[in-house]
Amino acid sequence: MAKVPKYVYFFGSGKAEGKAEMKNLLGGKGANLAEMVNIGLPVPPGFTITTEVCSAYYQNKQKYPKSLEKEVRVALTKVEKAMGAKFGDAKNPLLVSIRSGARASMPGMMDTILNLGLNDKTVAGLVTKTKNERFVYDSYRRFVQMYGDVVLGLKPVNKDDIDPFEEIIEAKKHAKGVKLDTELTAEDLKELVVKFKAAIKEKTGHDFPQDPLVQMWGAIGAVFSSWMNDRAIAYRKMYDIPESWGTAVNVQSMVFGNMGEDSGTGVAFTRDAATGENYFYGEYLMNAQGEDVVAGTRTPLHISKLKEQDPKLYGQLDKIRKTLEKHYRDMMDIEFTIQQGKLFMLQCRVGKRTAFAAIKIAVDMVGDKFISEKEALTRIEPDQLNQLLRPIFDVKEKDAAVKSGRLLAKGLNAGPGAATGRIVFNAVDAEAWKNRGEKVILTRIETSPEDIKGMDASEGILTARGGMTSHAALVARQMGKVCVAGCDELLIDYAKHTMTVKGKVLNEGDWISLDGTTGQVIEGKIQTKPSEVLQVLVEKTLDAKDAPVYQTFAKVMQWADKYRTLKIRTNADQPDQAANAIAFGAEGIGLCRTEHMFFGEGKIGPMREMILADTLEQRKAALAKLLPLQRADFAGIFEAMHGKPVTIRTIDPPLHEFVPHEEKEQRALAQAMRISYEKVKERVEGLHEFNPMLGFRGCRLGIIFPEITEMQARAIFEAAADTQKKGIAVEPEVMIPLVGNVKELVNQEKLVRKVAEDVMKEKGVKFKYLVGTMIEIPRGAITADEIAAVAEFFSFGTNDLTQTTLGVSRDDAARFLIPYVEKEIYAKDPFEVLDRGGVGKLMEIAVAKGRATRPGIKLGICGEHGGDPSSIEFCHLIGLNYVSCSPFRVPIARLAAARAALLNPAEPAKKAAKKVNKKAKTSHKK
Ligand code: ADP
Ligand code: MG
Ligand code: MG
């Protein structure tokens with residue numbers, strides 16, 4: 001018989017059965033609680049039910065494994081012993097919290113339930129024991145409220161409704177003429193408990209359970225059920241968390257922050273999570289329980305206040321901060337509670353941070369010799385760099401707006417960046433407006449996990465309540481959204497869809513602007529401008545020494561370049577794009593699409609004449625007009641690239657893309673060409689294809705109309721010769737698209753080389769050049785050994801290669817590809833993230849066969865995937881020489897390439913091949 005796994009892990013009394021490395025099994029929260037116990041920090045004892053139970057639960061018709069109940073009973077007894085109290089005991093009751101905890105922190109999961117174990121009997125016992133009736137009833141009302149909401153499902157029905165429990169509390173406060181929960185007396189709280197129970201019974205039909213064991217199993221069940229609720233599923237989608245991971249459940253003895261003014265609760269970051277600054281950033285509330293700080297119902301105090309209020313306690317906490325940073329070697333996010341002057345740690349995890357902070361912290365920690373450069377690089381997600389490239393407000397315009405009285409309020413600068421958009425008051429509207437093409441600012445009193453999708457749809461998030469560690473702030477930072485939180489001057493009315501501030505009423509749909517770097521909320525639209533990095537590198541309007549964000553960015557890029565083995569090129573077809581890409585660190589052009597050039601000034605006319613020409617003579621005449629124009633384009637690019645390699649692809653798209661389809665334009669063209677409108681119309685119709693993607697395009701054009709390839713080759717080589725004569729080095733690489741049969745390439749290569757010879761003779765210069773091909777249809781990949789006999793380089797055109805390998809037309813795929821990804825048929829959209837198992841396999845074949853024929857063959861990728869970190873890693877693994885991506889993704893690709901190299905250290909070829917295979921498989925399992 002298979003051994004029954006251990007399902008429950010105890011922590012407490014100075015020793016834990018788990019540890020930090022056991023996140024997969026214990027979830028992040030459980031693993032770190034265990035770790036904190038093991039390094040001697042004060043943690044209330046408890047136990048963790050493993051994620052395996054969650055998986056088993058779903059695999060087995062939502063039933064628990066048999067041995068679970070007994071294991072829980074044993075662990076509970078240990079906790080009782082450690083705490084000197086008994087669960088359900090009328091005189092000396094143990095109370096616990098039930099906390100979910102997946103591997104990755106997930107705001108979509110069940111809310112924590114505190115004070116579990118209270119009932120009408122244990123309440124009395126606890127009053128006798130603590131002699132603090134107010135505290136006991138405060139705990140009881142919180143428990144009934146949380147249990148009623150989370151387990152029994154008494155929640156607001158409509159999006160504009162307020163919480164039914166809050167409604168009862170508000171009514172009570174109103175009747176008593178008080179503002180804060182803390183002003184309610186024990187008697188008031190007792191009444192609330194009665195009202196809460198009645199509301200639960202009335203609206204859900206359930207009785208509030210009195211048996212503590214029933215309560216506990218109810219709450220545990222709710223955690224496991226929440227793994228499959230809509231919020232959690234939506235969150236998992238957004239962050240690629242597989243369903244199979246499951247969540248753990250933590251049952252932990254309570255410590256109480258609500259025992260009076262010598263008690264409290266707080267959350268903190270060991271460094272500033274928004275800016276990365278190295279100082280203790282936290283918030284706390286006295287006489288409160290955990291939720292109060294995070295939910296934003298009361299605005300908490302800054303941790304520096306604690307230093308004044310209770311220096312000894314602060315000192316203790318600061319010491320823990322240092323211990324944790326040293327132990328985890330990272331910025332940590334912590335939760336703590338103070339019970340009658342005694343400090344307890346309730347959670348720690350590696351802190352979420354903005355891209356700014358991530359980069360700054362990584363760089364700072366290298367400076368402190370805390371981590372190595374390599375480790376710093378692996379800690380920065382390539383896509384995070386996007387945030388550094390994102391726009392900021394035009395300072396002048398913002399100042400003018402502020403001066404003219406448009407500054408509405410100032411909140412906390414929770415998510416840096418600039419956002420401008422129209423006000424919406426709930427997540428559902430945010431999504432709907434976004435789908436209509438509007439830019440919106442989600443404006444809430446506070447946000448909750450239900451709002452995740454709406455937050456994602458917004459340009460920025462504005463909340464009236466909550467601190468730097470509120471839900472809104474945390475999630476915004478993770479999403480890289482602009483966020484201003486805790487802006488308590490705002491009076492938001494959900495029902496009326498209005499926001500009142502300083503006597504001004506703003507309505508849904510009004511424009512506002514958020515400066516997430518300063519916390520300013522400004523009425524109306526404000527122009528944004530390029531980020532610091534862009535101002536330094538691209539606009540050249542800012543000096544690097546005045547740009548601290550740029551400096552950190554530059555350091556990361558410098559380290560990345562040190563460790564990457566892949567070269568980074570860019571896809572560009574204009575000199576200015578090429579120049580931007582070089583500023584971002586591109587080392588060449590991997591794809592210059594000549595067809596974009598044809599749409600440029602003065603070119604589309606002759607291009608159309610060429611396409612619609614009747615005879616060879618007419619076509620040659622039109623091409624003669626195009627030649628000087630293309631030559632000038634190439635010359636501009638060669639100059640901008642200053643000797644860096646430039647891969648130029650000969651004409652690729654089907655010709656119908658260039659000709660006019662509207663009568664008016666067709667008539668104009670007819671006039672210009674001095675032929676009849678009917679003739680033009682007929683020719684355009686003649687170009688119609690049923691499946692242009694697989695039609696007359698790519699090298700097929702150049703084979704049927706060799707004069708087109710000749711003209712393009714001439715334009716390239718004449719420009720090369722001219723540029724070289726100016727003393728600027730050139731390295732043209734002529735790339736023939738859509739080759740599936742080596743004979744196609746032979747045909748085109750001959751033409752190209754002949755032109756090259758001619759031009760060299762005519763111009764009296766010699767220049768180096770290569771002729772190669774795109775590998776973008778399966779036959780090309782499979783016969784790569786034959787093709788490599790002719791091609792001096794391959795560039796994987798993974799857009800077409802994905803289309804042709806999967807038999808999926810990218811432009812028609814939205815209807816089924818999104819559901820495909822939802823159904824996990826493909827783990828990711830294969831047009832965004834390279835399909836390793838299929839397309840990747842063909843690439844591997846082509847690499848191996850290409851190198852077998854021509855060992856020194858240059859190998860690259862120029863499809864969209866060249867800018868995607870996961871695909872870049874794959875390119876590294878199969879040994880390409882370079883990736884090519886759009887100019888603005890070059891920094892991301894540099895970092896991704898470095899990470900690929902660091903995370904996949906060179907190993908014997910056989911092993912590497914195995915790894916590629918394995919990755920290809922798992923990329924589908926996910
Ligand atoms: P989340 O995953 O949303 O952070 P937690 O499980 O951390 O939820 O619970 C939220 C808060 O509840 C904690 O920060 C803490 O203040 C409070 N809390 C949880 N368990 C306990 C406990 N055993 N004793 C005291 N407070 C607790
Ligand atoms: Mg927590
Ligand atoms: Mg292609």
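- Qualifying side-chain hydrogen bond (donor to acceptor under 3.5 Å, both in side chains) partners for Arg889, counting only residues two or more places apart in sequence or in other chains: Asp383.
- Taking CD1 of Ile648 as the reference point, atom CG of Asp573 lies at 10.5 Å (rounded to 0.5 Å).
- In this structure, a donor-acceptor pair under 3.5 Å is present between the side chains of Ser884 and Asn571.
- Between the side chain of Thr570 and the main chain of Cys885, a donor-acceptor pair closer than 3.5 Å is present.
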Exercise. Can Glu689 and Arg697 be said to form a salt bridge (charged side-chain N to carboxylate O under 4.0 Å, His left out), step by step?
Worked result: CA-CA 11 Å; Glu689 292 178 298; Arg697 56 167 293 214; over 6 Å; no
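- Shown here are the side-chain hydrogen bond (donor to acceptor under 3.5 Å, both in side chains) partners of Lys726, two or more places apart in sequence or in another chain: Glu639.
- Listed by chain and number, the residues in a ring pair (Phe, Tyr, Trp, His ring centres under 6.0 Å) with Tyr820 are Phe816 (sequence neighbours excluded).
- Under 3.5 Å, the side chains of Arg569 and Thr647 contain a donor-acceptor pair of N or O atoms.
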Enumerate, atom names and distances included, each donor-acceptor pair closer than 3.5 Å involving a side-chain atom of residues 736-744, sequence neighbours excluded.
{"from": "Asn741", "atom 1": "OD1", "to": "Lys743", "atom 2": "N", "distance (Å)": "2.9"}
{"from": "Glu744", "atom 1": "OE1", "to": "Gly740", "atom 2": "N", "distance (Å)": "2.7"}
{"from": "Glu744", "atom 1": "OE1", "to": "Asn741", "atom 2": "N", "distance (Å)": "3.0"}

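- Contact annotation: the side chain of Arg683 approaches that of Lys679 to within less than 4.5 Å [non-hydrogen atoms, C-beta and beyond].
- Applying the ring pair (Phe, Tyr, Trp, His ring centres under 6.0 Å) test to every pair with at least one member in residues 714-765, sequence neighbours left out, gives these pairs: Phe717-Phe767, Phe717-Tyr769.
- Listed by chain and number, the residues in a side-chain hydrogen bond (donor to acceptor under 3.5 Å, both in side chains) with Gln712 are Thr594, Gln630 (sequence neighbours excluded).
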